[in-house]
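A quick write-up on the structure given underneath.
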Amino acid sequence: MLSKLRIYFGYIILLISDLILLIFIFYISVIFRISIIPYIFKNLPQFKFELNQYFWIFPIFIIVFIYEGLYSKRLSFWDEIRLLIKAIFISFVIIIFTLFITKKGVEFSRILITTYSIILAIIFPIIRLSIKRMIYSLGIMTRRVLIIGSGEKAKKIIKAIESEKNLGYVIAGIIDDKKGKLLNYKIHPPINKIERYIKASQINDVIVAKEETSTCEIEKLINYIQHKAQNTIYIPDISGIAVSGTDIRYFFQEQTIAIEIKNNLSNPVTYLTKRTIDYILAIILFILIIPLILIIGIIIKLSDKGPAIYSHKRIGKNGKEFNCYKFRTMYIDADKRLKEILEKDPLKREEWQKYWKLKDDPRVTKIGKFLRKTSLDELPQIFNVLKGEMSLVGPRPYLPREWDYIKDESPIIHALPPGITGLWQVSGRNNNDYNYRITMDAWYVKNWNLWLDIVILIKTIKAVMKREGAC
């Protein structure tokens, strides 16, 4: 009971902080409307501000937040940002629609409401998530989790919970029928004493990640736990399938559930939107970076003989080859040097076979090392995007010689154009082994949506600025 009260108290604190934050950002928007917008747009209507006049809009945001489950759902960092932006947009539409049907539009500043919604979408999610982390750090609103299982599934769940702090889960313990340790946690046997553990440790949620157990036993276990804990989370014996946009379907008469997996690529409008965004952003980026491309090209030409930009055959959408552009970062006789290195150095040969890259590659020029470390060597790929051969975000552009390694996953990976950046780059980049990269590319395509592209672009900027995993 105390555990539930603690969580509900946390929700109340979060709701109050949301209301304060909504009002605070509204005042910022008012200042923006009075002091900045008139200098950008001339001949605007006269603006008079009274907070009492606009106070009715704040409950709309709170009601939409509640409806969207922002006080009850446990979401990952990026999923919560996406849901918050969605809720802000819905609230904006409701406010504008209310003004329209009540014919009160003239009495309110629609410029202010629009400005307010835009600023909210940018600032509110980040501040709110920071406040949530602060609430979690005080031990309020966190949920104590008991994990059943001691195999790989349980290990993955532990790592997922520890890496995703925004979920607010605290691992209270692990229970299984055998003693031992899993990562840094002691395993408490046996499972048939789970009710005692739930009561003694004030468990909120139980995660069933038990392996090598029959369906009948899992069914009995879940049914037994269901009314002992607030929530029961079951991890099924399946991985590698799409998870983004999946829905649960119920067949009540047969007492059966099914997972509906959507093909996001089948929607031509969504895919066309992705390509349109690619071209628009590529044109903007091209205008901004063309001076930098010219400067880097001149430096390469002055520091080393040979072309500044080179093209290399890569596998593109539907398995078709194309010429991928990059700044040259290696010596002209790089292939000859590589052959000699692999013949003489068994450690380098092993590293090459595992990663298809060398960490301290002697073939790379001095300017090439800088370009790779800052990822500037990939700037010419903007031409590939403009030609329609690549996307800003997508799977890795694989070399033709890598075909034997990727042919099984090729129908999935090459359903989209390769990208300048991708999921593999923001998941550790060159610190990941070769098979992991293939898995990441396949996962990206299976789960592709526009929001995932936005997240990857944001994380790429962060990775490049921190130079994470750059080779």
Side-chain angles (χ1 to χ4, degrees), residues 3-34 47-105 107-143 164-169 204-205 230-231 451 454:
S3 179
K4 284 185 180 180
L5 289 173
R6 175 174 48 80
I7 293 169
Y8 293 145
F9 179 60
Y11 291 151
I12 292 169
I13 293 174
L14 185 61
L15 190 148
I16 293 170
S17 70
D18 281 349
L19 186 57
I20 294 169
L21 191 56
L22 285 168
I23 296 170
F24 174 72
I25 295 175
F26 185 78
Y27 273 109
I28 293 174
S29 304
V30 170
I31 294 169
F32 198 86
R33 170 65 180 87
I34 295 171
F47 173 66
K48 292 181 180 180
F49 168 69
E50 291 182 12
L51 180 60
N52 294 339
Q53 187 183 6
Y54 290 89
F55 209 86
W56 61 274
I57 71 174
F58 304 125
I60 290 176
F61 283 98
I62 296 297
I63 291 167
V64 174
F65 289 173
I66 293 170
Y67 177 79
E68 290 293 332
L70 285 163
Y71 298 102
S72 57
K73 292 179 180 177
R74 297 276 161 162
L75 301 165
S76 65
F77 179 86
W78 291 105
D79 281 342
E80 183 158 349
I81 286 181
R82 177 181 57 81
L83 193 58
L84 280 166
I85 293 172
K86 176 188 172 185
I88 290 167
F89 176 75
I90 292 170
S91 302
F92 168 74
V93 171
I94 291 171
I95 292 165
I96 295 298
F97 182 72
T98 303
L99 292 176
F100 174 76
I101 61 172
T102 57
K103 297 181 180 179
K104 297 283 186 180
E107 300 175 22
F108 294 85
S109 172
R110 282 158 291 183
I111 294 174
L112 172 61
I113 293 169
T114 303
T115 303
Y116 177 50
S117 299
I118 293 170
I119 295 174
L120 265 183
I122 296 169
I123 298 176
F124 186 84
I126 302 300
I127 300 177
R128 186 185 198 260
L129 292 178
S130 298
I131 292 170
K132 273 186 75 174
R133 281 196 294 271
M134 184 180 69
I135 294 171
Y136 288 151
S137 69
L138 297 172
I140 305 170
M141 213 169 74
T142 54
R143 298 185 70 88
E164 188 50 81
K165 303 297 184 184
N166 200 63
L167 294 172
Y169 287 135
N204 302 112
D205 301 337
Q230 293 174 33
N231 293 313
W451 178 247
I454 293 168

Exercise: identify the closest heavy-atom pair between E68 and A87: CG-CB, 4.2 Å
Can you measure from CG (L22) to OH (Y27) and round to the nearest 0.5 angstrom? 13.5 Å
Gap separating the OG1 atom of T142 from the CG atom of L167, nearest 0.5 angstrom: 12.5 Å
In Å, rounded to the nearest 0.5 Å, how long is the span from CG of N166 to CG of L129? 5.0 Å
Heavy-atom nearest pair, R74 first then G168, reads NH1-O, 3.4 Å
Atom OG in S117, atom CD1 in I85: separation rounded to 0.5 Å? 12.5 Å
In this structure, NZ of K165 is separated from OG of S76 (nearest 0.5 Å) by 14.5 Å
CD1 on I131 to CD1 on I20, rounded to 0.5 Å: 8.5 Å
Would you please name every residue forming a side chain to side chain contact (heavy atoms under 4.5 Å, CB included) with R128, sequence neighbours left out? L14, D18, L70, Y71, E80, L84, F124, K132
The test is side-chain contact (heavy atoms from CB on, under 4.5 Å); show your working for F61 and I95 and say whether it passes. CA-CA 9 Å; F61 283 98; I95 292 165; 3.6 Å; yes
On a heavy-atom basis, the closest approach of D79 and L75 is CB-CB, 4.3 Å
Worked check of side-chain contact (heavy atoms from CB on, under 4.5 Å) between F77 and R133: CA-CA 11 Å; F77 179 86; R133 281 196 294 271; 4.0 Å; yes
Aromatic ring pairing Y116/F26, orientation class (parallel under 30°, perpendicular over 60°, tilted between): perpendicular
Does a side-chain heavy-atom distance below 4.5 Å link F65 with L15? no
Look at the aromatic rings of Y11 and Y8 and report parallel, tilted or perpendicular, splitting at 30° and 60°. tilted
Applying side-chain contact (heavy atoms from CB on, under 4.5 Å) to I101 and F97, what does each step give before you reach the verdict? CA-CA 6 Å; I101 61 172; F97 182 72; 3.6 Å; yes
Does I96 have any side chain to side chain contact (heavy atoms under 4.5 Å, CB included) partners at least two apart in sequence or in another chain, and if so, which? F92, R110, I113
Side chains of R33 and T115 in contact at under 4.5 Å (non-hydrogen atoms): no
Does the pair I454 and W78 meet the rule for a side-chain contact (heavy atoms from CB on, under 4.5 Å), with working shown? CA-CA 10 Å; I454 293 168; W78 291 105; over 6 Å; no
Closest non-hydrogen contact found for Y54 with S109 is OH-N, 2.9 Å
